[in-house]
Amino acid sequence: MSGLSLVPEAQRALYLGGRWREASGGRRFDVLDPADGSVLTTVADASAADANAALDAAVAAQADWARTAPRARGEILRRAFELVAERADDLAELMSLEMGKTIAEARGEINYGNEFFRWFSEEAVRIHGRWMQDPAGATRLLTVRKPVGPCLFITPWNFPLAMGTRKIAPAIAAGCTMVVKPASQTPLTMLALAGILAEAGLPDGVLNVVPSTDSGAVSETLQADPRLRKVSFTGSTAVGRLLVRQSADGLQRLSMELGGNAPFLVFDDADLDAAVEGAMVAKMRNMGEACTAANRFLVAEGVAEEFARRLAERMAGLRLGRGQDDGVDVGPLIDEKAVGAVAGLVSDAVADGARLLTGGSAPDGPGYFYSPTVLLDVPAFSAINTEEIFGPVAPITTFATEAKVVARANGTEYGLASYVFTRDLARTIRLAEALEFGMVGVNTGLISNAAAPFGGMKSSGFGREGGFEGIEEYLETTYVAIPGS
Ligand code: NAP
């Protein structure tokens, strides 16, 4: 079995109540290969009515699933972890085909995403409330933890597996049922995952998948339904805001993993080798198409030229190509619109006075490629410093003092990831406290870890995925008062 064959024809469909079925009216949509724009296959296209049927299935399964023993829920996750690990090569090929990333990147995402299955298989059996005596001594206070109930998960195209498992795994561990709407550009990985979870023993109706190009109608319909108790969304801030507004009438619980504008701070006492290495990871993971991607490089005046020279040398040495080919470092971006947006930000930065050190163009030929690019002396006001780039471009700006760079780093509506390179421990502590971001990487470009609470603040959203915090998003608390004797 390999790549596309991991999702046989019959599974390029909706997954409802444990059965694969066509969309009502037989509608289907194309899934494209971003390396050349060709049609890979077609997938059933759920309507709002199909999404309703998926919620029916989730609601029908909820009570039994909540009663299922925590160990049984954990063991299903553990089996899923093992199956994903066994099929990692095929999953990587499938993901690379529909999303464009290299096989090495896809393997990295699969290992990372699969860790959520393992982590939450271990957390399922540690859900607990508390007992205490009230301060006056007369009453005993107990808390009971319960699953939130049926959830809606909406995931983006950039990490087709990991953005799903970060939600699915804690929901399964907590005893929630769910409807998943994957990004319409990358539905195949999620359909493969649904098959794996079924094989791992997940009961029918606990997980339902509705690929759809009518995402607005799907979310509006489901959020208007009082049976839906929670929405967890990963994607753009604009769509996140819309979903928050749509949650008002139903007062659904929410987790919002939204956009970022990560600053990457390099101080003059930093180990420059480590800073360049960290920059390559924080910038080039997933071709720059990551919410955690370093978006603004803020480098101390004394080391900026040297850092920029070394980074440009590394970036210029990367090989562009089809993600499944050997020796390729950088795959295509997701679509033509993405290439246009990145190219526009680069040409505006150059017009604003930035110096182009390498890259700065989209190669001729098919596919949605953009060459790895480094810009130096980018003015703070340039749009590339205020907008999420989502591509392989590193804009560098210099700074004079710590106070100034902290103010500049925090001067964004976003607050997801940030990176600091320094060898000064006191400065590290000051920055960890001063930076208004949900995550701070110190002398590392890689912060994602299933055991850590991933999430943001400000316009990057709220809620945490992974870590001890991750399961809290899927639990309600009932407090019970009992008079003592
Ligand atoms: P997007 O346009 O917001 O799409 C994300 C998902 O939302 C897709 O499944 C999309 O469906 C769906 N969607 C679009 N409009 C909707 C609506 N009205 N109602 C319900 N669902 C709707 O974002 P994207 O361009 O795919 O993803 C990139 C963004 O995600 C970036 O801003 C990135 O920073 C953010 N992101 C954040 C995190 C994090 O953890 N904070 C992680 C990864 C990515 P269709 O595919 O059918 O349009």
Side-chain angles (χ1 to χ4, degrees), residues 29-32 43 45-48 51 98-99 109 112-113 116 152-167 179-190 209-224 228 231-247 252 254-262 285-295 333-335 337-338 341-342 387-391 412-417 437-439 447-448 450 452-466 470 473:
F29 65 93
D30 293 342
V31 181
L32 305 183
V43 164
D45 193 353
S47 64
E98 66 174 344
M99 192 276 171
E109 178 185 341
Y112 164 58
F116 290 92
L152 168 63
F153 297 155
I154 302 176
T155 56
W157 49 263
N158 60 344
F159 293 100
L161 183 124
M163 300 302 100
T165 57
R166 292 205 305 199
K167 304 177 192 309
V179 176
V180 182
K181 197 220 75 72
S184 46
Q185 284 169 309
T186 57
L188 299 171
T189 303
M190 183 58 68
V209 184
V210 286
S212 176
T213 55
D214 205 355
S215 44
V218 166
S219 69
E220 208 181 321
T221 304
L222 294 187
Q223 288 191 276
L228 185 76
V231 178
S232 178
F233 171 70
T234 300
S236 62
T237 297
V239 173
R241 288 199 170 104
L242 176 85
L243 299 177
V244 173
R245 281 196 289 273
Q246 285 180 177
S247 74
Q252 288 125 16
L254 297 171
S255 302
M256 290 285 142
E257 298 284 355
L258 310 178
N261 180 0
R285 180 169 175 237
N286 224 38
M287 293 87 77
E289 294 174 311
C291 53
T292 51
N295 210 60
L333 299 184
I334 189 69
D335 56 21
K337 202 168 132 228
V342 171
E387 289 175 25
E388 201 174 23
I389 304 169
F390 246 57
T412 167
E413 68 170 304
Y414 296 105
L416 191 63
F437 293 84
M439 297 172 284
I447 49 179
S448 297
F454 186 107
M457 46 184 77
K458 296 159 72 180
S459 294
S460 293
F462 45 79
R464 292 295 178 267
E465 294 190 316
E473 308 273 324

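First listed ligand is number 1; within each ligand, the first listed atom is number 1.
For the pair R285 and Y112, the cation-pi test (distance below 6.0 Å, angle within 45°) is passed.
The pair R166-E109 does not meet the salt-bridge criterion, since no charged nitrogen lies less than 4.0 angstrom from a carboxylate oxygen. A salt bridge is defined here as a Lys NZ or Arg NE, NH1 or NH2 lying under 4.0 Å from an Asp or Glu carboxylate O, and K167 with E465 meets this definition.
A donor and an acceptor atom, one from each side chain of E387 and N261, are nowhere located under 3.5 Å apart.
In terms of modelled atom types and a separation under 3.5 Å, the side chain of S212 and the main chain of A46 share a donor-acceptor contact.
Closer than 4.0 angstrom to ligand 1 sit non-hydrogen atoms from I154, T155, P156, W157, N158, M163, R166, K181, P182, A183, S184, S212, S215, G216, S219, F233, T234, G235, S236, V239, L242, L243, E257, L258, G259, G260, C291, E388, F390, L416, F454.
Exactly one of M439, M457, E388 qualifies for a side-chain contact (heavy atoms from CB on, under 4.5 Å) with L416. That residue is M439.
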